[in-house]
**Student:** 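Here's a structure for you.
Within every chain, numbering begins at 1; the chains are lettered A, B, ... in the order of the sequence lines, protein sequences first and strands thereafter.
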Number of protein chains: 2
Amino acid sequence: MTNDLYKVLQDNYDRLRKSEKKVADFVMQTRSSVVQMRIVDLAAAAEVSEPTVLRFCRALGFDGFQDFKLTLAQNVATNNSYQQFRLDSRDSVEQFKEKIFDSTVGNLVRVKNDLDADNLERAIQVLAETQRVDCYGFGASAPICSDAQHKFFRLNMSATAYSDPHLQTMAAVTLQEGDVVIAISQTGRTRDLLHTTQLALQAGATVIALCPSHTPLAELAQIPLFIDLDGDKELGTLMSSRITQMVVIDVLAVGVTMKLGAETMAHLKTIKRSLRGLRTPLKRK
Amino acid sequence: MTNDLYKVLQDNYDRLRKSEKKVADFVMQTRSSVVQMRIVDLAAAAEVSEPTVLRFCRALGFDGFQDFKLTLAQNVATNNSYQQFRLDSRDSVEQFKEKIFDSTVGNLVRVKNDLDADNLERAIQVLAETQRVDCYGFGASAPICSDAQHKFFRLNMSATAYSDPHLQTMAAVTLQEGDVVIAISQTGRTRDLLHTTQLALQAGATVIALCPSHTPLAELAQIPLFIDLDGDKELGTLMSSRITQMVVIDVLAVGVTMKLGAETMAHLKTIKRSLRGLRTPLKRK
DNA sequence: AAGTAAAATGTAGATTGCTAACATTAGCAA
DNA sequence: TTGCTAATGTTAGCAATCTACATTTTACTT
């Protein structure tokens, strides 16, 4: 749903007439401020006549100019409203709460759009076929590994999280063909992680990496899942990458669940039932 | 930013005239479909005249009807586009990737709006003043505790994560006045967690709880931070609550950083430098 | 290469919806 | 009740969008 309009523009671009393309180009470049424009303004800016703008809207399947503008506004809202934030020491709690949530959301949306569905598919496939998943990660990525372990463990797989380089090394050499390693790193350049990943590869395991693209780890892994956050290394970037990693793990886990099908679902229910005993009962009214 | 308009409506409702309230009521009830309406339609639907609708828009601070509608459209887009999802076994990877990300975003937005700024402020205050933070949580919340530990540790605080009920119990009795416990639970009803929380309280510690409202844990804690996700206990709800908890931790950590000010920032830089040694160097072009 | 037909684009006017000015009504106090 | 003020509605003008038609461009045929 998110950049619907962008896609619609891309898909129909070839079908557009020459002067309609002018309009399309202008809209693509300018984006947000187009929502404030009247049809005359847009016509002038794109250097075409008003009816051409209208025909452009119709060609994309909209009712008219207003309809187009409304959709554009909604697109702009969903894409642009969650910007990277810059913390100001004078911010109120309310303000930086907003900023942090919004930038997290923005990063999620960005990664969602970038995430390669093919590699995701491949990752899910190998996970669905394996019995052993080891998760490697240090520092801020260590809790994500535990989380991943937790998720896959629920799916009746043998999942382990290693956040200690020695344990990782020892575990890596015991890996076999068909086993899967999920390597998680915010930088993609952690030396120890690269080392153990190499060991895992030598042992014949398949390595899925959650890390930024164009990093040593990304090159090493058979199945890289890129998590590239906005260029500037703001505080927000560091914070969001953990969260994004987690959501990617969610996607993987759900994918595996769906692939494994009904029997796993039943297993999940059993777990849910068995955990109930650890809680105080819900009050009945 | 998100449901700006909703807030604007709420805040200015009393200031509106009687017939303008009719319009406000109608907009509140109908919401999304108003974006398709012309001023005549809305006037007819709210059973007022067209200028009244216009005055209503102006009273809320908009330029005119179009301006109001544009904002409404953007609001509708940001609020409605990230719905709770229902997984379909025939979904493609691309499709359920979208669904999972979107529902996560939706939940984040929801929690952001619900999160009480006062309690947040209080939580930040006590965290800024303490030297010891213990994080308690089991199961899926355990990795969140580790994450929280990680975050606060970076801020030069003595932070520990306990995910073992025995360790928690032993740690709880050593707590002193001024110490802080962060209790994290998706259900708010985990028996062991309630037990150790009570011990912490008896020892004089301040308890911050991340959990749903109207749960035993929420009642127990001095500073509850509610994480209420949509009613239906879909798969998505369970997944998102961990992530939401993490973002709340982010907000707390940033808040503390800002409160502690410059010296902590310097400390953060030192950590960053010291970690650099663990990575392979960036290639220079 | 020139002419013709069809497609593409622009111009001008009609229509529709938005807004401003004014009129009327309702509410309230003296 | 009367007069005043605030609230709402009516009417009309204006501005924006859209339609119908004219002109230009493009491509294809001879």
Side-chain angles (χ1 to χ4, degrees), chain A residues 5 8-76, chain B residues 5 8-76:
Chain A
L5 193 82
V8 170
L9 267 168
Q10 295 271 356
D11 293 350
N12 296 51
Y13 191 80
D14 296 333
R15 289 191 199 101
L16 294 179
R17 305 182 240 260
K18 194 167 56 176
S19 62
E20 286 168 9
K21 281 181 184 162
K22 281 197 208 169
V23 183
D25 293 339
F26 181 81
V27 172
M28 295 276 245
Q29 278 168 36
T30 320
R31 297 206 150 250
S32 57
S33 53
V34 175
V35 293
Q36 319 278 6
M37 287 180 159
R38 301 165 306 166
I39 197 166
V40 277
D41 303 325
L42 181 53
E47 297 179 320
V48 295
S49 69
E50 296 168 37
T52 301
V53 174
L54 189 66
R55 279 189 277 262
F56 158 82
C57 299
R58 297 260 164 87
L60 297 176
F62 295 101
D63 255 18
F65 181 68
Q66 288 297 345
D67 188 29
F68 164 76
K69 235 176 61 173
L70 223 66
T71 311
L72 179 65
Q74 302 196 327
N75 263 267
V76 168
Chain B
L5 193 84
V8 170
L9 266 168
Q10 294 271 356
D11 293 349
N12 296 52
Y13 191 81
D14 295 333
R15 288 190 200 104
L16 294 178
R17 305 181 240 260
K18 195 166 54 174
S19 62
E20 285 168 12
K21 281 183 185 162
K22 280 196 208 170
V23 183
D25 293 339
F26 181 81
V27 172
M28 295 276 245
Q29 278 169 35
T30 321
R31 296 202 152 253
S32 57
S33 54
V34 175
V35 293
Q36 319 276 6
M37 287 180 159
R38 303 164 305 164
I39 197 168
V40 277
D41 303 325
L42 180 54
E47 297 179 321
V48 295
S49 69
E50 295 169 37
T52 301
V53 174
L54 189 65
R55 280 189 278 264
F56 158 81
C57 300
R58 296 262 163 86
L60 297 177
F62 295 100
D63 255 17
F65 181 68
Q66 288 296 345
D67 188 30
F68 164 76
K69 235 177 62 172
L70 223 66
T71 310
L72 178 67
Q74 302 196 328
N75 262 267
V76 168

**Student:** Sequence neighbours left out, what passes side chain to side chain contact (heavy atoms under 4.5 Å, CB included) with A:R17? Give chain and number order.
**Tutor:**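 A:R17 satisfies side chain to side chain contact (heavy atoms under 4.5 Å, CB included) with A:E20, A:R55 only.
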**Student:** How would you list, by chain and number, every residue that makes a side chain to side chain contact (heavy atoms under 4.5 Å, CB included) with A:Q66, sequence neighbours excluded?
**Tutor:**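 Residues passing side chain to side chain contact (heavy atoms under 4.5 Å, CB included) with A:Q66: A:K69, B:Q66.
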**Student:** Applying ring-ring contact (aromatic ring centres under 6.0 Å, His included) as the test, list every pair that has at least one member in residues 17-48 of chain B; sequence neighbours left out.
**Tutor:**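 Matches after skipping sequence neighbours: none remain.
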**Student:** Grab the CG-P distance between A:D41 and D:dA15 for me, whole Å please.
**Tutor:**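 Rounding to the nearest Å, CG of A:D41 and P of D:dA15 are 14 Å apart.
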**Student:** Which base sits across from C:dA30 as a Watson-Crick or G-U pair, both distances under 3.5 Å?
**Tutor:**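 Paired with D:dT1.
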**Student:** Any salt bridge (charged side-chain N to carboxylate O under 4.0 Å, His left out) pairs touching residues 44-53 of chain B, not counting sequence neighbours?
**Tutor:**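 Listed by first then second residue: nothing to list.
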**Student:** Grab the CD-C1' distance between A:E50 and C:dA12 for me, whole Å please.
**Tutor:**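 Result: 11 Å.
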**Student:** Between the side chains of A:S49 and A:T52, does any donor sit under 3.5 Å from an acceptor?
**Tutor:**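 Judged by distance alone, the side chains do pair up.
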**Student:** Which of residues 56-67 of chain B sit near DNA chain C, with a heavy atom under 4.0 Å from it?
**Tutor:**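 Output list: B:R58, B:G64, B:F65, B:Q66.
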**Student:** Excluding sequence neighbours, so at least two apart, what forms side chain to side chain contact (heavy atoms under 4.5 Å, CB included) with A:R38?
**Tutor:**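 Applying side chain to side chain contact (heavy atoms under 4.5 Å, CB included) to A:R38 gives A:V40, A:D41.
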**Student:** Can you name the residues that form a side chain to side chain contact (heavy atoms under 4.5 Å, CB included) with A:A24, not counting sequence neighbours?
**Tutor:**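 By the side chain to side chain contact (heavy atoms under 4.5 Å, CB included) rule, A:A24 matches A:L9, A:Y13, A:L16, A:F56.
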**Student:** Which residues satisfy the ring-ring contact (aromatic ring centres under 6.0 Å, His included) test with B:F62, sequence neighbours excluded?
**Tutor:**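 Here the qualifying residues are B:F68.
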**Student:** Separation of B:L54 atom CG from D:dT10 atom C1', in whole Å?
**Tutor:**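 From B:L54 CG to D:dT10 C1': 15 Å.
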**Student:** Atom pairs, N/O to N/O, protein against nucleotides 6-9 of chain D, distance under 3.5 Å?
**Tutor:**
from  : atom 1 : to    : atom 2 : distance (Å)
D:dA7 : OP2    : B:R17 : NH1    : 3.1
D:dT8 : OP1    : B:K18 : N      : 3.4
D:dT8 : OP1    : B:S19 : N      : 2.9
D:dT8 : OP1    : B:S19 : OG     : 3.3
D:dT8 : OP2    : B:S19 : OG     : 3.2
D:dT8 : O5'    : B:S19 : OG     : 3.0
D:dG9 : OP2    : B:S49 : N      : 3.2
D:dG9 : OP2    : B:S49 : OG     : 3.3
D:dG9 : OP2    : B:T52 : OG1    : 3.0
D:dG9 : N7     : B:R55 : NH2    : 3.0

**Student:** Grab the CD1-C1' distance between A:I39 and D:dC18 for me, whole Å please.
**Tutor:**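 Interatomic distance, CD1 of A:I39 to C1' of D:dC18: 8 Å.
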